[in-house]
Visitor: 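Attaching a single structure in structure tokens format; questions to follow.
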Amino acid sequence: GIGDFADIKLMVDWAAATGQAVLQLLPVNDTTSTKTWTDSYPYGGISIMALHPIYLNLKDIGPLHDPKEQTAFEAEAAELNAMPQLDYERVFQLKERYTRAIFAQKGTRTMAGKAFRAFLTANRDWLMPYTAFCVLRDHFGTADFSKWKRLKKYSKIGVSRLYTDATAEMDYYIFVQYHLDRQLREAHKYARSKGIALKGDIPIGITPHSVEAWAEPEYFNMGEQAGAPP
């Protein structure tokens, strides 16, 4: 119902066929603060680095072993695609359920692979704060880190301890980002092969309840706002 990174290839084909040279995307950063429709605003990113899980192509990460479970997911996806209006929350929930099922099925094997380990090494500096943020958001039911008790102030030691206590949950979010990164890179490579440039867009600032506001507040004046509307 909302499309995914694989669909960029279809837009690239259209752009190439009609003599275009540039395809611009709105921000594709993760905006998951509440897991409701209000997260659909693309300029409310919770991370300047993480990609949005809702743009993950589920077929690309493989089928579930249980054929009945796979069929049920496919039926719900078909229903969502056929709706006259987008149900953002149901799309998000379906993709989260599916990725968690796939992670339980093949997460350990994927994480042992060379490509995954290279991704983790190259992106560890932002992945660890981001995944910790996601786990704490889920645990406390809010992205407002001022309500995270002793973890309301970020520390690398605190994140390391959290990883010891919630390894599987943090690994799940890394697993999702790995596949998102791979899929967007594939779409970008395809666009280049067709002579089409992908033009990105970014918010003018950060969201007050975001990874960067939590982990690197020294870089921002949290008393100021900018944008349209601010």
Side-chain angles (χ1 to χ4, degrees), residues 2-9 12 25-32 39 42 45-65 92 95-138 143 154 156-193 197-203 206-207 210-212 214-216:
I2 196 170
D4 52 50
F5 286 147
D7 293 322
I8 291 174
K9 296 178 182 179
V12 165
L25 306 176
L26 290 177
V28 291
N29 304 76
D30 188 0
T31 62
T32 311
D39 294 339
I46 62 165
S47 167
I48 65 171
M49 300 296 290
L51 298 171
H52 205 309
I54 207 164
Y55 298 131
L56 192 67
N57 181 280
L58 300 182
K59 291 182 180 179
D60 182 73
I61 58 177
L64 299 173
H65 291 328
F92 182 88
K95 291 199 174 188
E96 185 174 45
R97 293 199 314 273
Y98 193 94
T99 52
R100 286 188 177 278
I102 282 286
F103 176 70
Q105 178 178 296
K106 60 189 288 188
T108 301
R109 185 169 72 254
T110 299
M111 290 187 296
K114 184 178 179 180
F116 182 92
R117 287 185 277 112
F119 169 75
L120 179 57
T121 299
N123 298 281
R124 184 181 294 275
D125 286 349
W126 68 264
L127 273 172
M128 299 312 290
Y130 164 74
T131 55
F133 185 95
C134 291
V135 169
L136 292 168
R137 173 204 61 205
D138 295 348
Y154 172 85
K156 288 186 177 180
I157 294 176
V159 169
S160 295
R161 289 174 177 169
L162 180 66
Y163 187 73
T164 300
D165 295 335
T167 304
E169 271 298 287
M170 290 181 69
D171 281 346
Y172 162 73
Y173 283 110
I174 297 173
F175 173 85
V176 171
Q177 287 299 312
Y178 164 72
H179 281 291
L180 286 164
D181 179 84
R182 183 177 56 79
Q183 291 182 9
L184 184 54
R185 286 180 185 276
E186 183 179 323
H188 176 244
K189 182 178 179 180
Y190 184 80
R192 288 180 63 109
S193 75
L198 291 185
K199 179 183 178 183
D201 189 13
I202 58 174
I206 64 162
T207 306
S210 64
V211 178
E212 287 73 36
W214 178 53
E216 302 175 299

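One-based numbering along the sequence shown.
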Visitor: Between R137 and I46, does a side-chain contact (heavy atoms from CB on, under 4.5 Å) hold up when you go through it step by step?
Guide: CA-CA 11 Å; R137 173 204 61 205; I46 62 165; 3.6 Å; yes
Visitor: Please check this pair: side chain of K106 against backbone of L64, looking for a donor-acceptor N/O pair closer than 3.5 Å.
Guide: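 Not confirmed, K106 side chain does not pair with L64 backbone.
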Visitor: Output all residues satisfying ring-ring contact (aromatic ring centres under 6.0 Å, His included) with F119, sequence neighbours left out; order by chain, then residue number.
Guide: Y178
Visitor: Enumerate the salt bridge (Lys or Arg N to Asp or Glu O under 4.0 Å) contacts for residues 46-55, please, sequence neighbours excluded, ordered by first and then second residue.
Guide: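 Qualifying pairs: none.
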Visitor: K9 side chain to A187 main-chain N or O, any donor-acceptor pair under 3.5 Å?
Guide: no
Visitor: So, using side chain to side chain contact (heavy atoms under 4.5 Å, CB included) as the criterion, who are the partners of P63 when residues are at least two apart?
Guide: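 Once residues adjacent in sequence are excluded, the partners of P63 under the side chain to side chain contact (heavy atoms under 4.5 Å, CB included) criterion are Q70.
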Visitor: So, using side chain to side chain donor-acceptor pair (under 3.5 Å) as the criterion, who are the partners of Y55 when residues are at least two apart?
Guide: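 Result, side chain to side chain donor-acceptor pair (under 3.5 Å) vs Y55: none returned.
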Visitor: Tell me which one of Q183, R182, Q177 satisfies side-chain hydrogen bond (donor to acceptor under 3.5 Å, both in side chains) with H179.
Guide: R182
Visitor: If a pair satisfies side chain to side chain donor-acceptor pair (under 3.5 Å) and one of its residues is in residues 110-128, list it, with sequence neighbours excluded.
Guide: N123-W126
Visitor: Can you name the side chain to side chain contact (heavy atoms under 4.5 Å, CB included) partners of I48, sequence neighbours left out?
Guide: I206, E212
Visitor: Who are the side chain to side chain contact (heavy atoms under 4.5 Å, CB included) partners of T164, not counting sequence neighbours?
Guide: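 Expected list: none.
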Visitor: Holding to side chain to side chain donor-acceptor pair (under 3.5 Å), I want the full list of residues that pass it with R185, two or more places apart in sequence or in another chain.
Guide: D181
Visitor: Holding to ring-ring contact (aromatic ring centres under 6.0 Å, His included), I want the full list of residues that pass it with Y98, two or more places apart in sequence or in another chain.
Guide: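 So Y98 forms a ring-ring contact (aromatic ring centres under 6.0 Å, His included) with F73.
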Visitor: What pairs with Y154 under ring-ring contact (aromatic ring centres under 6.0 Å, His included), at least two apart in sequence or on another chain?
Guide: W214
Visitor: Got a sec, which residues hit side chain to side chain donor-acceptor pair (under 3.5 Å) with T32, two or more places apart in sequence or on another chain?
Guide: D30
Visitor: According to side chain to side chain donor-acceptor pair (under 3.5 Å), who are the partners of H52, at least two apart in sequence or on a separate chain?
Guide: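 Counting only residues at least two positions away or on another chain, H52 forms a side chain to side chain donor-acceptor pair (under 3.5 Å) with T31, Y88.
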